[in-house]
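This report refers to the structure that appears directly beneath it.
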Amino acid sequence: MFLKNAWYVAAWSEEIVNSLTQVKVLGEKICMFRNSEGEVIAMEDACPHRKLPLSKGRIKGDNVECGYHGLTFDCAGQCVWAPGGGRIPSAARVRPYPVHEKYGLIWIWMGNAAIADPEDIIDIPNFDSPEWGLNRGAAMELNCNYLLMCDNLLDPTHVAWVHESSFAAAATKDTPLRVTKTDTGVIVHRWMMDHEPAPFYKKVVEFEGNCDRLQHYEVRYPSHALIRAVFTPAGTGGVDGPLHDKTFVMDSYNFMTPTTETETRYYWFQLRNIRPDDEELSKMMSEDVRKAFEEDRAVLDAVQIGMSEKTSPHIDLGIDAGQLRFRRQLEAMIAEEAMVDAKMSQ
């Protein structure tokens with residue numbers, strides 16, 4: 001089950017052009033394209049006549065023509081032409097979906113269109129700031145349930161074993177975690193004091209010697225994560241630390257879009273507070289981050305198989321507290337949404 005009254009990422013902006021494209025979100029197939037004004041249009045990808053995907057048809061002006069019998073639908077999903085003459089059947093329509101373009105991403109609302117508010121899309125400070133650099137990569141296809149990736153992004157400890165050559169440091173194995181529940185999600189965080197920077201970050205921080213490091217792992221409902229990494233010279237970090245003027249901050253934004261119960265499309269980019277115009281740095285960071293995410297993918301794809309085929313119960317550890325809180329609250333939100341929908345349909 002999924003939370004439907006929420007914004008999910010459907011595509012990178014450049015993936016949707018003036019041609020019909022099928023995307024899948026929450027198990028639903030959606031036909032997307034840009035109209036003559038450049039606006040993104042999204043509608044159910046199934047002609048109501050014989051259910052041929054509309055994405056196999058063609059664009060006619062700002063309308064979509066079915067490739068089987070030519071039924072034609074406007075941007076609101078209403079059939080405006082059908083073969084044979086006479087009256088167009090009242091059921092000749094497809095569902096339109098609210099969409100909004102922001103941060104170079106196309107967001108889609110899968111629930112009640114009447115309450116879709118673009119102001120509810122996650123706020124990303126510094127996205128357009130000339131003082132912050134940005135790097136990103138192509139979306140990744142994961143063969144696992146989206147909640148396994150949410151678990152992963154509420155789990156600072158896993159880096160010690162999964163990312164030994166990139167994000168790991170000795171302190172990531174056993175420094176205690178703090179869990180904070182917010183109105184929008186769950187945060188798992190910790191400061192690790194006076195240790196050597198992890199390999200990935202050692203290449204980018206602008207100071208010498210040991211560091212104090214913050215791991216801030218935050219996942220917001222239904223499946224959007226902010227991973228904040230802070231590196232400051234040893235002795236200047238901590239909750240009340242003064243922070244040094246050479247402090248390095250990287251905000252990694254991660255958006256998990258469930259495509260099916262066991263498949264996820266994963267979008268990501270990072271913002272950094274140093275060398276905003278350094279294209280070589282951006283390229284290096286994107287390549288290294290992608291390698292690390294491939295390590296995650298290999299583990300999570302295997303975890304999905306293990307969980308699907310398990311012959312004995314799995315266990316939870318103390319380090320799973322944040323993940324369990326997130327799952328419980330999201331489950332409650334999904335149940336409440338289903339109850340409201342059931343009452344409205346009576």
Side-chain angles (χ1 to χ4, degrees), residues 122-126 132 147-164 166-202 204-205 207 210-244 246-256 266 268-274 285 289 292-293 295-296 300 316-330:
I122 186 173
D123 180 51
I124 300 181
N126 302 310
W132 286 68
L147 288 175
L148 290 178
M149 181 51 98
C150 291
D151 288 346
N152 191 68
L153 294 173
L154 281 170
D155 177 20
T157 302
H158 83 277
V159 303
W161 290 273
V162 179
H163 305 303
E164 288 184 313
S166 53
F167 302 148
T172 58
K173 289 186 177 181
D174 53 17
T175 301
L177 302 170
R178 296 178 179 272
V179 179
T180 303
K181 187 174 181 297
T182 71
D183 291 339
T184 58
V186 173
I187 301 170
V188 179
H189 54 110
R190 63 183 173 185
W191 274 99
M192 297 169 290
M193 312 302 285
D194 194 12
H195 66 88
E196 186 177 3
F200 171 84
Y201 298 102
K202 195 170 186 177
V204 297
V205 297
F207 59 84
N210 281 2
C211 69
D212 296 337
R213 173 184 180 182
L214 171 68
Q215 282 184 302
H216 174 107
Y217 280 43
E218 176 180 358
V219 182
R220 302 179 189 178
Y221 311 117
S223 53
H224 309 321
L226 163 62
I227 309 301
R228 173 167 292 153
V230 177
F231 286 79
T232 188
T236 64
V239 177
D240 299 316
L243 296 183
H244 194 272
K246 292 292 187 180
T247 294
F248 171 76
V249 179
M250 185 177 81
D251 286 341
S252 178
Y253 287 91
N254 309 264
F255 309 106
M256 285 66 69
Y266 177 32
W268 57 274
F269 59 78
Q270 279 88 36
L271 295 168
R272 64 179 185 274
N273 70 334
I274 64 167
M285 291 179 68
V289 167
F293 288 169
E295 294 169 339
D296 285 319
L300 295 177
D316 296 313
L317 303 174
I319 58 173
D320 301 321
Q323 305 162 29
L324 295 173
R325 286 192 187 186
F326 181 85
R327 281 180 175 252
R328 283 195 297 267
Q329 180 58 30
L330 182 58

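In what follows, every heavy atom counts, from backbone to side chain, and hydrogens, waters and symmetry copies are set aside.
Side-chain atoms of Leu147 and Leu330, non-hydrogen and from C-beta on, do get closer than 4.5 Å to each other. When side chains are defined from C-beta on, Arg213 does not count as touching Pro197, because their heavy atoms never get closer than 4.5 Å. Using a 4.5 Å cut-off on side-chain heavy atoms (C-beta onward), Val249 and Arg272 make no contact. Within the 4.5 Å cutoff, no side-chain heavy atoms of His224 are placed close to those of Asn254. Residues Gln215 and Val159 meet the side-chain proximity criterion, which asks for heavy atoms closer than 4.5 Å. For the pair Glu218 and Leu153, the minimum side-chain heavy-atom distance is 4.5 Å or more. Contact of the Tyr217 side chain with the Thr157 side chain is not registered, since no non-hydrogen atoms from C-beta on lie closer than 4.5 Å. Within the 4.5 Å cutoff, the side chain of Thr182 has heavy atoms near those of the Ile187 side chain.
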Residues 318-326 side chain polar contacts: donor-acceptor under 3.5 Å, at least two apart:
| residue | atom | partner | partner atom | Å |
| --- | --- | --- | --- | --- |
| Asp320 | OD2 | Leu317 | N | 2.6 |

Side chains of residues 173-181: which donor-acceptor partners sit under 3.5 Å, not counting sequence neighbours?
| residue | atom | partner | partner atom | Å |
| --- | --- | --- | --- | --- |
| Thr175 | OG1 | Ala171 | O | 2.7 |
| Thr180 | OG1 | His189 | NE2 | 3.2 |

- Task: Output, in order, the C-alpha distance, side-chain angles, deciding distance and verdict of side chain to side chain contact (heavy atoms under 4.5 Å, CB included) for Met250 and Trp132.
- Result: CA-CA 9 Å; Met250 185 177 81; Trp132 286 68; over 6 Å; no
- Verdict with reasoning, Thr232 to Val205, per side chain to side chain contact (heavy atoms under 4.5 Å, CB included): CA-CA 9 Å; Thr232 188; Val205 297; over 6 Å; no
- Message: Does Thr172 form a side chain to side chain contact (heavy atoms under 4.5 Å, CB included) with Met192? I'd like the steps, not just the answer.
- Response: CA-CA 8 Å; Thr172 58; Met192 297 169 290; 3.8 Å; yes
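Not counting sequence neighbours, Phe248 has no partner by the ring pair (Phe, Tyr, Trp, His ring centres under 6.0 Å) test. Legend: residues meeting ring pair (Phe, Tyr, Trp, His ring centres under 6.0 Å) with Phe207, ordered by chain and number and at least two apart, are absent. Partners of Arg228 according to the salt bridge (Lys or Arg N to Asp or Glu O under 4.0 Å) rule, which considers only residues two or more places apart in sequence or in another chain, are Asp251. Legend: residues meeting side chain to side chain donor-acceptor pair (under 3.5 Å) with Gln329, ordered by chain and number and at least two apart, are absent.
Residues His163 and Asp296 have side chains that bring a donor and an acceptor to within less than 3.5 angstrom of each other.
Closest non-hydrogen pair, Pro125 versus Tyr253, comes out as CD-OH, 3.7 Å.
Distance check, rounded to the nearest 0.5 Å: CG of Asp212 to CE of Met193 gives 3.5 Å. The NZ atom of Lys246 sits 13.0 Å away from atom OG1 of Thr236, with the distance rounded to the nearest 0.5 Å. Atom-to-atom distance recorded for Phe293:CZ and Ser166:OG is 9.5 Å, nearest 0.5 angstrom. In this structure, OG1 in Thr247 is found 11.5 Å from CZ in Phe231, a value given to the nearest 0.5 Å. With rounding to the nearest 0.5 angstrom, the CZ atom of Phe167 is 8.5 Å from the CD atom of Glu295. Here the CD atom belonging to Gln270 is positioned 10.0 Å from the CD1 atom belonging to Ile227, to the nearest 0.5 angstrom.
For Ser223 (side chain) and Met256 (main-chain N/O), a donor-acceptor pair under 3.5 Å exists by modelled atom type.
Using a 30° and 60° split on the angle between ring planes, Phe255 and Phe269 fall in the tilted class, from 30° to 60°.
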